[in-house]
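Working notes, structure below.
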Amino acid sequence: MKALVLFSGGIDSTTCLALAIQKYGAKEVLALSVHYGQKHSRELQAAESIAAFYGVAWKTLDLSEIFKGSDCSLLQSSDREVPKESYSRQLAETDGKPVATYVPFRNGLFLSCAASIALSNGCTEIYYGAHSDDAAGNAYPDCSQEFNDAINTAVYLGSGQQLRVIAPFIGQTKAQVIAVGLSLHVPYAMTWSCYEGKDKPCGRCGTCRDRMAAFRANGINDPAWEVTA
């Protein structure tokens, strides 16, 4: 293996997967999906289907025990409802803190675990799909440029300079991520982003709103709605 991709089955990680496959070929890419105690399994189902579509090796990792004390609204341990408003509106009410759907230090934990798995499988790179929209306003601080620089240094040094963290979209918007993916013919209709686990996306949570706006910025409608309509 050459590259491990942290793979949620959403837009950003699927585009990362396509980039890694373009660079190394499907046989040299390992997709890693994490169960972290989320309230639904739709994203993991999407990840499994997309991994099969691309013909890459797919592993899952259960880290749900770590987050059981969290009141993050995405988690089974929480009674909080997922906010049905834009991230900008949510941030106006957080006083500079992350939004309610921030899973505590998720990317830090995932990337640390991924580093061990990547080294064990001979990988030299870890890809993940952090982008500037998620980092904006401190909504998800573990998607920021500063966090990425720090974790990349830690992984590189801690791996004996064998492993690097690649965040190809760290300075780009979600619309720009989709533009890259469209050029690579990413099967976006297969992806799942919604924080709800129903038959079709809710269209109202922060990630649904961002996703639909990003597709509109590229002059097309979100293909997930065509599949689930």
Side-chain angles (χ1 to χ4, degrees), residues 3 5-23 31 33 42-43 46-47 49-50 53-54 74 82-92 94 98-103 106-107 110-111 126-149 152 165-196 200-229:
V5 180
L6 271 178
F7 186 48
S8 71
I11 282 176
D12 314 312
S13 65
T14 302
T15 310
C16 278
L17 184 66
L19 283 175
I21 291 170
Q22 181 189 52
K23 182 175 181 179
S33 301
R42 288 299 303 267
E43 59 185 9
S49 297
I50 297 166
F53 171 85
Y54 278 116
L74 297 187
V82 172
K84 297 298 193 296
E85 50 194 7
S86 68
Y87 286 125
S88 59
R89 188 161 185 176
Q90 292 178 51
L91 285 165
T94 67
V99 294
T101 48
Y102 167 70
V103 182
R106 180 173 66 175
N107 281 345
F110 287 10
L111 287 165
I126 301 172
Y127 283 72
Y128 79 120
H131 58 81
S132 62
D133 287 352
D134 278 346
N138 209 38
Y140 297 101
D142 55 356
C143 291
S144 68
Q145 181 71 63
E146 293 81 3
F147 169 83
N148 180 71
D149 291 345
N152 186 30
V165 174
I166 309 296
F169 309 123
I170 197 71
Q172 299 184 31
T173 65
K174 200 174 197 74
Q176 291 172 312
V177 174
I178 289 174
V180 171
L182 291 173
S183 72
L184 297 173
H185 306 290
V186 170
Y188 284 132
M190 298 176 69
T191 62
W192 185 268
S193 303
C194 182
Y195 288 145
E196 303 285 353
K200 62 181 181 180
C202 73
R204 297 189 297 141
C205 68
T207 189
C208 274
R209 292 172 184 268
D210 274 11
R211 175 180 171 129
M212 290 187 293
F215 276 109
R216 286 196 299 269
N218 281 280
I220 60 175
N221 293 324
D222 186 342
W225 284 92
E226 298 173 10
V227 172
T228 58

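Note that these values count all heavy atoms, side chains included, but never hydrogens, waters or copies made by symmetry.
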Please report the interatomic distance [atom1]([X]) to [atom2]([Y]), rounded to the nearest 0.5 Å.
| X | Y | atom1 | atom2 | result |
| --- | --- | --- | --- | --- |
| I178 | I220 | CD1 | CD1 | 7.0 Å |
| Q90 | K84 | CD | NZ | 10.0 Å |
| R204 | M212 | CZ | CE | 10.5 Å |
| D12 | H131 | CG | NE2 | 3.5 Å |
| N148 | C143 | CG | SG | 9.5 Å |
| F53 | T14 | CZ | OG1 | 10.5 Å |

Between N107 and Y140: side-chain donor-acceptor atoms closer than 3.5 Å: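 Absent: no donor and acceptor within the cut-off.
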
With a 3.5 Å cut-off and no angle check, do the side chains of S13 and S8 form a donor-acceptor pair?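 There is such a pair (donor and acceptor under 3.5 Å, judged by atom type) between the side chains of S13 and S8.
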
For the pair [X] (side chain) and [Y] (backbone), establish whether a donor and an acceptor sit closer than 3.5 Å, ignoring hydrogens and angles.
| X | Y | result |
| --- | --- | --- |
| N152 | V165 | yes |
| T173 | D133 | no |
| D134 | A139 | no |

Using a 4.5 Å cut-off on heavy atoms from C-beta on, say whether the side chain of [Y] contacts that of [X].
| X | Y | value |
| --- | --- | --- |
| P141 | P98 | yes |
| L17 | Y127 | no |
| I170 | S132 | no |
| C16 | F169 | yes |

Can you name the nearest heavy-atom pair linking [X] to [Y], along with the distance?
| X | Y | value |
| --- | --- | --- |
| G137 | L91 | O-CD2, 3.3 Å |
| I11 | T15 | O-OG1, 2.7 Å |
| W192 | R42 | CZ3-NH2, 3.2 Å |
| A47 | S33 | CB-OG, 3.4 Å |
| Y188 | V177 | OH-O, 3.6 Å |
| G171 | Q176 | O-OE1, 4.4 Å |

For residues F110 and Y128, establish whether the separation of their ring centroids is below 6.0 Å.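 Between Y128 and F110, which both carry aromatic rings, the centre distance is not below 6.0 Å.
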
For R209, is the CZ atom crowded, meaning more than 12 foreign heavy atoms sit under 6.0 Å from it? yes

